[in-house]
Amino acid sequence: MHLPLKGKVIMVTGAGSGIGAATAGELHRRGAIVVLLDCDRQGLERVQSELGSNVSIHVMDVTRMEDCEFAVARTLAVQGQIDMVWANAGIAAFGPLAHTDPLAWKRCLEVNVFGVFNMVRAALAEVIRNQGYVLVTASVSSFAHPPAVSAYAASKAAVEAMCNAWRIELTHHGVGVGIIHASWVKTPLMTEGQLHPAFVRLRAATPAFLNGETSVLEAARMIADGIARRQRQIWVPGWVRFLHWARVLLHTAPAERELLKAAPDIERLFLEGIQASGVSASSMPPREFERMRKQTDNAQD
């Protein structure tokens, strides 16, 4: 059963690109009032211009609780209510344990775990008041943990655990809690990953039936349907539910065989990347690396 979204005020982090932007557009078309949150002003302004009316934007950093609280206060001042918060902002970090940039590893956890906590916590009182819905973006990586993405996998496993606990805590308040488990979706994050030869080698070691890609618009429709139903789990695409049920088998010796073969190549290619571009550029997606570089330059100025 689909519940009406018309007039519902929905805050979305990571809304400047990818599934956040695409799903915000789908929710807007279904009548929701979307509040777009991101650290990327240009991305937010582009999405806002595409959607037009009933769209607010706030430039913010989810790792700063004060930013999240300010976004909530501004939303209440303009819209008067918050019916749903979707903690979608996330970044990746890449590299074998022995060689990855520790700052990149830490930043991934800060955004993907503490950023989720900050945004949900800041909006929670209002969501409870409206008996609303909390949604968090996880991944197949929350239960399938390939080499060289330990930070990302750890962060997504953490938010899955957080949501399972929060669902039990908040049910008696009338609040639903959902989590998105997505496989490969054609977003800028995935496109950036394909620029790294070690990441390409990792994907080549993944079984073909797990390597299918979902378009961002198709993912947006699946997520919007899940939101309308206030689902506990949203699978992107639907077959991910079966992988989730079989998760205990994913880290048995037979299942890891191809990844074990690929691990030396991944390490070698990563080290070649360090030689060519440096450890930080090899460990972070290009947009995040550029963002961190600008922050460092501004701090030095």
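Residue indices begin at 1 and follow the sequence shown.
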For side-chain contact (heavy atoms from CB on, under 4.5 Å), just list the numbers for Val12 and Val35, CA-CA rounded to whole Å, side-chain angles, deciding distance to a tenth of an Å, and then say yes or no. CA-CA 6 Å; Val12 183; Val35 181; over 6 Å; no
For residues [X] and [Y], determine if any side-chain heavy atom of one lies less than 4.5 Å from a side-chain heavy atom of the other.
| X | Y | result |
| --- | --- | --- |
| Ile33 | Gln79 | yes |
| Leu271 | His99 | yes |
| Val72 | Ile82 | yes |
| Met119 | Met11 | yes |
| His145 | Ser150 | no |
| Ser141 | Tyr152 | yes |
| Leu76 | Arg74 | no |
| Val62 | Val111 | yes |

Pair His181, Ser142: side-chain N/O donor-acceptor within cut-off below 3.5 Å: yes
Could you verify whether a donor N or O on one side chain and an acceptor N or O on the other, from Asn211 and Thr206, lie under 3.5 Å apart? no
Carboxylate-amine/guanidinium contact Arg30 Asp225, below 4.0 Å: yes
Determine, for Arg64 against Asp61, whether the closest basic-nitrogen to carboxylate-oxygen distance falls under 4.0 angstrom. no
Report the residues that fulfil salt bridge (charged side-chain N to carboxylate O under 4.0 Å, His left out) with Arg129, sequence neighbours left out, ordered by chain and then residue number. Glu126
For [Y], does its backbone N or O pair with a side-chain atom of [X] as donor and acceptor, under 3.5 Å?
| X | Y | result |
| --- | --- | --- |
| Ser282 | Gly278 | yes |
| Thr252 | Leu249 | yes |
| Asp101 | Leu103 | yes |
| Lys156 | Phe143 | no |
| Ser283 | Ala104 | no |
| Asp265 | Ala198 | no |

Provide the closest heavy-atom pair for [X] versus [Y] in the form atom of the first, atom of the second, distance.
| X | Y | value |
| --- | --- | --- |
| Gln48 | Val55 | NE2-O, 3.2 Å |
| Thr23 | Ala220 | OG1-CA, 3.4 Å |
| Ala123 | Val85 | CB-CB, 4.0 Å |
| Ile57 | Leu44 | CG2-O, 3.9 Å |
| Asn112 | Ser155 | ND2-OG, 3.1 Å |
| Ala24 | Leu36 | CB-CD2, 3.5 Å |

Side chain to side chain donor-acceptor pair (under 3.5 Å) contacts in which one or both residues fall within residues 167-178, not counting sequence neighbours: Asn164-Arg167
According to the side chain to side chain donor-acceptor pair (under 3.5 Å) rule, which pairs have a member within residues 212-221, sequence neighbours left out? Arg203-Glu213
same_hphob_cluster([X], [Y]) at 4.5 Å side-chain heavy-atom cutoff:
| X | Y | answer |
| --- | --- | --- |
| Met162 | Val120 | yes |
| Leu170 | Val136 | yes |
| Leu97 | Ile274 | no |
| Val216 | Leu135 | yes |
| Val116 | Ile128 | yes |

Qualifying residues under ring pair (Phe, Tyr, Trp, His ring centres under 6.0 Å), relative to Phe270, sequence neighbours excluded: His196
Residue pairs passing the salt bridge (charged side-chain N to carboxylate O under 4.0 Å, His left out) test where at least one lies in [range], sequence neighbours excluded:
| range | result |
| --- | --- |
| residues 82-95 | none |
| residues 274-286 | none |
| residues 249-259 | Glu258-Lys261 |

Can you confirm whether more than 12 heavy atoms, excluding those of Arg268, are under 6.0 Å from its CZ atom? yes
side-chain contact (heavy atoms from CB on, under 4.5 Å) assessment of Trp86 paired with Ile223: CA-CA 11 Å; Trp86 176 17; Ile223 294 168; 4.1 Å; yes
Within the 6.0 Å centroid threshold, strictly below: Tyr133 and Trp166: no
Clusters formed by hydrophobic residues whose side-chain heavy atoms approach within less than 4.5 Å: which one holds Val200, and what are its other members? none
Check step by step if side-chain contact (heavy atoms from CB on, under 4.5 Å) holds for Phe94 and Val149. CA-CA 5 Å; Phe94 187 75; Val149 291; 3.7 Å; yes
Compile the donor-acceptor pairs under 3.5 Å between side chains in residues 13-20 and protein atoms, sequence neighbours left out, one pair per line.
unit_1 : atom_1 : unit_2 : atom_2 : d
Thr13  : OG1    : Asn88  : N      : 2.8
Thr13  : OG1    : Ala89  : N      : 2.9
Ser17  : OG     : Arg287 : NH1    : 3.3

Go through the structure and list residues passing side-chain hydrogen bond (donor to acceptor under 3.5 Å, both in side chains) with Ser183, not counting sequence neighbours. none
Which residue pairs pass the ring pair (Phe, Tyr, Trp, His ring centres under 6.0 Å) test with at least one member in residues 28-71, sequence neighbours excluded? none
Hey, can you pull the donor-acceptor pairs under 3.5 Å for the side chains in residues 232-244, sequence neighbours left out?
unit_1 : atom_1 : unit_2 : atom_2 : d
Arg241 : NE     : Gly238 : O      : 3.3
His244 : NE2    : Glu160 : OE2    : 3.0
His244 : NE2    : Arg247 : NH1    : 2.9

